[in-house]
Amino acid sequence: MKSQLLSINDLSTADIHSILSTAAELERITDGPTKKLPTLRGRTVVNLFFEDSTRTRISFETAAKRLSADVINFSAKGSSVSKGESLKDTAQTLQAMGADAVVIRHGSSGAAQRLADSGWISATVINAGDGTHEHPTQALLDAFTISKSFPDRKSDFSGLRVAIVGDILHSRVARSNVLLLSKLGASVTLIAPPTLLPVGVETWPVKISYNMDEQLEEFDVVMMLRIQIERMSNFFFPSEREYSRQYGLNEERLLRMKKSAIVMHPGPMNRGLEISASSADSSRSVIVDQVGNGVLTRMAVLYLLLGGAALTEVGQ
Amino acid sequence: MTFTLKNISLASGLVTNIAIDGTQVLSIGSEIHGDVVDCTGLIALPGLVDLHTHLREPGKEDSETVLSGSKAAAKGGYTALSAMANTSPVADTAGVVEQVYRLGKEAGLCEVFPIGAVTVGLAGERLAELGAMAQSAARVRVFSDDGKCVSDPLVMRRALEYVKSFGGVIAQHAQDPRLTEGAQMNEGAVSSRLGLAGWPAVAEEAIIARDILLADHVKSRLHICHLTTKGGVELVRWAKAQGINVTAEVTPHHLILTDDLVESYDPIFKVNPPLRTNEDVLALRAGLADGTIDIVATDHAPHPTEDKECEWSAAAFGMLGLETALSVVVKTMVETNAMTWEQLANVMSVNPAKIGGYDRQGVPLAAGSPANIVVIDPAQTWQVDKEALSSKSKNTPFHGYVLPTKIVHTVYEGIFVVKNQELTGLKYE
């Protein structure tokens, strides 16, 4: 495995299987009264967040702490970053403080790769979401969630039909999931109004649909994406109501899905816009499971990238 | 000073001697006058003329000055450059263009022609005092809001009409602002993967099409800056076939670099207009070879290190060009047999001088012509080293590239400003 996780493209299929099976192993080991393992004791993980994201930061923080790493949260708000300090200076500061891993969330696409490739820092860089580019650990936790929902498959997704619905254009979750799910053999369909699909999407390994109702019965997984209401001002869709009617997951659509199909959402949800409360809370929804699986998957990533002590040893 | 460039090849391939006396070519032929400079194996072309240079003075002297840009120009074989108006303050008054003109004279390494802004402060709202700039000591004939598009169709129409009174030309930066809000790179397969906001070809082509029609309607002269798309080439080809008075330029970087380089997220490749696809590159080369595109212009855009040493969206747009332009054009056009040396001299010297109305520039070498000459060695390659450039900035996308053709001597008004690839410290006064 590469020493960085910037994009799903950094991972071979074997790497992905290794992360998913490590996450499963970690779940087994930590499923007792003691949730904490000593494997990254003495290591320092910095959460470098240039964008607000309480969920992702807490998830990484919990993952690192369960592996006994020291965690520093560096948030752009209230720090020197908001006073014009550059990414380079921030990186060099963290380097001087001896960070072993930097988990970076940034509003600019490519920021994580820039940090990793620039030579400013020698720590392991983990992309926790860069602009509208990628969010690889989200895709990994989604794959882990799917593999748990379809236990017979053992993380081989060939023939599995996945729909990703919503704002594909601005979604780093969608980009990472398209790459990861297609690597694992799934057939991915993107469902969105044409305005929310990027020009060039025809080169992606996916099917495209503008109509949510066309093949809803055929999907094993329906992943809903968050719609940002401010998109309306740029004419991406006429109104919230119209979007909800055309592309929202409501009760009626939920009932038409396969019996075995699951509903996913990376959160935070706009209940009543892209997903109805009844869909979000239904028995098909694995949205809450995604959160717990996020911690396990990020533990697996930190463990594998930072080369912690073997799990069998710490498990004893 | 009197000297002779001996055994030198002209663009036509004829091997001869060029004798220079003062600021004029004295003779071309067997005669030898004054000091002899052996030029066996070398080619003489009229000194290169850049119609699109950012010198950053006044206002951003940390990235380039008129002097440092003139040095870079001389090293790149240029004997004339055109200083774009987007300085601080903007070159939208006679005072600012005269200042730049005077700084160019003081540098004395090449002729510096200020370009005037079309609108006050490049804001696109009110015409700048174009007449005053035309009548100033700088005798401005080329006007451009480059960096910004004159997007209001009525302002553009009036500008085209107004400059007819003194034979001016409007050089348009074709970029529809609404279609490129927040745009970071060419919109296509690569931008879709990288999650960078797309800069569609149509944003450039829609303005080109509109301005061609406006230029035809008011019978004025339009120049299209840095054409980058296949569709843009088609539009200019159509306009020329209709007899519309339009000229167009392409930059060296758009003849060789493509948008897949952005996959590195290295802002050294961030430029306005953006790098396009290989299909566009091939169309630009074909357009340059067949005369649809009249000239190569560098769009030399120096930026300090900190403006490129950051994440992509925070970085400045622009690349250096003066010191690599000739070599890139040789690599893409001459080595591929798309163009002869004579054609190269046309697109890099003769045609830009004609568009700008630069009398002493771009004159084919003959007895009596101005002694503005570049002498090149087509047999030698060189490796680009950003640290070795004369520009104050280092933002070349070609660092490490091995490129064909060395610039050996640059003669400006009869003075060796560059000799044996080095600035001599001499200048024309």
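All of these numbers come straight from a predicted model, not from anything done at the bench. A, B, ... follow the sequence lines: proteins, then strands. Residue 1 opens every chain.
Taking 4.0 Å as the cut-off between side-chain N and carboxylate O, B:Glu311 and A:Arg114 do not count as a salt-bridged pair.
Within a 6.0 Å sphere centred on NZ of B:Lys331, heavy atoms belonging to other residues, nucleotides or ligands number 12 at most. Residue-environment remark: NZ (B:Lys230) stays at or below the threshold of 12 foreign heavy atoms within 6.0 Å.
Counting all heavy atoms, side chain and backbone alike, B:Leu196 lies closest to A:Thr132 at N-OG1, 4.4 Å.
Both the backbone and the side chain of A:Val199 come within contact range of chain B, judged by heavy atoms closer than 4.5 Å. In this structure, chain B has heavy atoms under 4.5 Å from both the backbone and the side chain of A:Ser109. At a 4.5 Å heavy-atom cutoff, the contact between B:Glu263 and chain A is made by backbone atoms alone. Of the atoms belonging to A:His170, not a single heavy atom falls under 4.5 Å from chain B.
Put simply, OG on A:Ser86 and CD on B:Glu309 are 8.0 Å apart, with the number rounded to the nearest 0.5 Å. One finds the CG atom of A:Asp117 at 8.5 Å from the CG atom of B:Asp266 (value rounded to the nearest 0.5 Å). B:Thr305 OG1 to A:Lys88 NZ: the interatomic distance, rounded to the nearest 0.5 Å, is 8.0 Å. Taken to the nearest 0.5 Å, the CG atom of A:Asp89 stands 11.5 Å off from the SG atom of B:Cys310. One finds the CG atom of A:Asp130 at 5.5 Å from the OH atom of B:Tyr265 (value rounded to the nearest 0.5 Å).
When each of A:His133, A:Gln113, A:His106 is checked for heavy-atom pairs under 4.5 Å with chain B, A:His133 comes out on top.
Between the side chains of B:Trp312 and A:Ser108, no donor-acceptor pair is found at a separation under 3.5 Å.
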- Test side chain to side chain contact (heavy atoms under 4.5 Å, CB included) on B:Ser192 and A:Thr203 and set out the steps. CA-CA 9 Å; B:Ser192 79; A:Thr203 61; 4.3 Å; yes

